[in-house]
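Below is one structure, written out as structure tokens, with a few remarks after it.
Please read these numbers as outputs of a predicted model, since none were measured by experiment.
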Amino acid sequence: MNVKTKRQISPRMLIVGLVLTLSACTNPYDPVQRTIGGGLIGAGSGAAIGAAAAGGHGAALGAAVGGAVGAVGGLITTPPPRYRY
């Protein structure tokens with residue numbers, strides 16, 4: 001393989017891995033799964049925004065802040081469990 005092909009494979013595999021990881025959350029009424037899912041989504045988006053705004057150190061700070069806000073948001077927005085009668 002040439003270098004250009006290798007550069008295209010790595011980001012795609014990362015995206016597929018993240019999608020599979022996030023799709024593993026099976027119970028939307030479980031606060032732990034919502035917290036972890038929110039933290040992962042927040043960290044990913046915070047890192048992307050931080051990297052675009054300030055480079056490498058901005059990505060780390062953005063991931064930390066985004067992960068914390070996403071985790072708290074996921075925990076707070078967990079709906080109450082549905083009961084079957």
Cluster overlap V72 with L40, hydrophobic side-chain contacts below 4.5 Å =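 Hydrophobic grouping puts V72 apart from L40.
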Indicate the atoms forming the closest heavy-atom contact of P80 with Y29, along with that distance.
->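 For P80 versus Y29, the nearest heavy atoms are O-CD2, 3.4 Å.
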Closest heavy-atom pair and its distance - P28, P79 |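 Of all heavy-atom pairs spanning P28 and P79, the closest is O-CD, 3.7 Å.
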Donor-acceptor contacts under 3.5 Å from residues 41-54 side chains, at least two apart:
{"residue": "S45", "atom": "OG", "partner": "I41", "partner atom": "O", "Å": "3.0"}
{"residue": "S45", "atom": "OG", "partner": "G42", "partner atom": "O", "Å": "3.2"}

Spacing of CG belonging to L75 relative to CZ belonging to R34, to within rounding of 0.5 Å =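 One gets 9.5 Å once the value is rounded to the nearest 0.5 Å.
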